[in-house]
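Here is the structure we will look at, set down as structure tokens.
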Amino acid sequence: MRPSQPITVNVFVVSPDTRSERRFDLGLSVAQLKNKLELITGIPVQNQEISVLPSLDATEPLGVLSDDSKPLGFYGVHDWQVLKVHDLNPATSFTGQLTDTSQVEKFELSPDEYAQRQDTVLAYKQRNKIGRFAEKPAEEPQEPQSVDIPVGARCEVESAEEDFRKRGTVRYVGPTEFAKGIWVGIEYDEPIGKNDGSVKGKRYFQCPANCGVFVKPDRVKVGDFPVEEINFDDEEM
């Protein structure tokens, strides 16, 4: 048995304003094809000249569908070839005008008019605080690079407990490895501290265990603070 011949063909239809993939019956006459192509391309039947190209990037046609009475299959059109529709009289149609923007009146706004509109990308960003309109995080106050607290000075450290004064001697002033900024190392008069002058294996000064502490400079008051003996005994039995 002879293999059956295809009765339809898939092709690309290209015109000055359109490009699409279409399927046509090979028994369709060229005249009938032109009627269909008018709806696709907008080019009137009487203005159409249809050439067949082997591919979309080809420039030389394989032939022209010149006889309106012949079926499409007569011209040996194969799948994925190109039917290129030329407009022989573009003055009577809209061919080319759909893609020509040179005659289109452009809608323009001044920067002030654009800024006042509420239906723009700019307004959307402003409402939702996006991009340059996003809220900036509050900047942390800059700590001083040096403080006027001499090492060896007597001091008192601010306490959250009323009538409880934490007194001691300044042993270190400067940066540390455990936190940013300037810190003051103090040796308390009594063992009410947190360390012996070292933190995480790094020693900054030497003092008895639990007598050392590091605080921020704004919590330290330097002055004539004599040693006070703290009574840790219970007042009641």
Side-chain angles (χ1 to χ4, degrees), residues 1-140:
M1 294 179 61
R2 296 178 59 186
S4 60
Q5 296 294 321
I7 59 174
T8 61
V9 65
N10 298 295
V11 295
F12 295 104
V13 174
V14 177
S15 73
D17 294 319
T18 64
R19 172 177 164 175
S20 60
E21 295 179 12
R22 301 287 171 169
R23 175 181 294 177
F24 295 116
D25 192 320
L26 288 172
L28 201 68
S29 70
V30 172
Q32 293 172 320
L33 175 65
K34 286 182 177 181
N35 285 321
K36 292 181 178 294
L37 292 179
E38 180 176 8
L39 300 176
I40 297 170
T41 65
I43 301 174
V45 170
Q46 65 274 17
N47 292 359
Q48 292 181 27
E49 180 185 73
I50 308 170
S51 57
V52 182
L53 283 76
S55 63
L56 287 169
D57 55 358
T59 57
E60 293 296 326
L62 299 173
V64 177
L65 308 188
S66 56
D67 189 340
D68 288 354
S69 64
K70 298 292 186 182
L72 184 59
F74 174 81
Y75 292 94
V77 178
H78 300 302
D79 278 339
W80 309 121
Q81 288 185 335
V82 179
L83 298 183
K84 188 169 185 178
V85 187
H86 305 273
D87 191 343
L88 300 178
N89 189 10
T92 62
S93 64
F94 292 101
T95 302
Q97 296 185 31
L98 298 177
T99 54
D100 181 11
T101 61
S102 62
Q103 303 301 318
V104 177
E105 183 179 354
K106 296 179 176 58
F107 177 71
E108 296 181 349
L109 289 173
S110 69
D112 289 340
E113 290 173 328
Y114 180 76
Q116 293 174 6
R117 294 179 67 97
Q118 299 302 309
D119 56 351
T120 62
V121 174
L122 177 66
Y124 176 81
K125 289 184 175 181
Q126 289 175 329
R127 287 194 300 270
N128 295 278
K129 302 185 185 303
I130 298 173
R132 60 191 174 97
F133 302 106
E135 295 182 352
K136 296 181 179 179
E139 295 184 359
E140 296 183 0

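Because the structure is a prediction, the values reported are computed rather than measured. Residue numbers run from 1 in the order of the sequence given.
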Derivation of the side-chain contact (heavy atoms from CB on, under 4.5 Å) call for E21 and W80: CA-CA 8 Å; E21 295 179 12; W80 309 121; 3.9 Å; yes
With a sphere of 6.0 Å drawn around OH of Y124, does it hold more than 12 non-hydrogen atoms of other residues, nucleotides or ligands? no
Report the distance from atom OG of S15 to atom CD1 of I43, rounding to the nearest 0.5 Å. 5.0 Å
Can you list the steps and then say if F133 with L122 is a side-chain contact (heavy atoms from CB on, under 4.5 Å)? CA-CA 10 Å; F133 302 106; L122 177 66; 3.5 Å; yes
Approximate separation, where rounding is to 0.5 Å, of H86 NE2 and T41 OG1: 11.5 Å
Using a 6.0 Å cut-off, check whether atom CZ of R23 has over 12 heavy atoms from anything other than its own residue. no
Distance-only donor-acceptor hits, side chain of residues 31-39, under 3.5 Å, sequence neighbours excluded:
| residue | atom | partner | partner atom | Å |
| --- | --- | --- | --- | --- |
| Q32 | OE1 | S29 | N | 3.0 |
| Q32 | OE1 | S29 | OG | 3.3 |
| K34 | NZ | D68 | OD1 | 3.1 |
| N35 | ND2 | A31 | O | 3.4 |

Can you confirm whether I50 sits close enough to Y75 that some side-chain heavy atom of one is under 4.5 Å from a side-chain heavy atom of the other? no
Rounded to the nearest 0.5 Å, how far does OG of S51 lie from CD of E60? 10.5 Å
Modelled atom types, side-chain donor and acceptor of D67 and S69, under 3.5 Å: yes
Within the 4.5 Å heavy-atom criterion, are P61 and V52 side-chain neighbours or not? no
Ignoring hydrogens and angles, tell me if any N or O in the side chain of D79 forms a donor-acceptor pair with the backbone of N10 under 3.5 Å. yes
In short, L62 meets P54 closest at the heavy-atom pair CG-CD, 3.7 Å
Checking S110 against D112: is there a side-chain donor and acceptor pair closer than 3.5 Å? no
At what distance, to the nearest 0.5 angstrom, does CD of Q118 lie from CD of Q116? 9.5 Å
Would you say F24 and L83 make side-chain contact, with heavy atoms under 4.5 Å? yes
Identify the heavy atoms of Q81 and V77 that sit nearest to each other, and give their distance. OE1-CA, 3.5 Å
What are the two closest non-hydrogen atoms of T120 and Y114, and how far apart are they? CG2-CE1, 3.5 Å
Working to the nearest 0.5 Å, report the span between CG of L88 and CG of N47. 6.5 Å
Is any side-chain heavy atom of L56 closer than 4.5 Å to a side-chain heavy atom of R19? yes
Going by side chain to side chain contact (heavy atoms under 4.5 Å, CB included), L72 matches just one of L65, D25, V11. Which one? L65
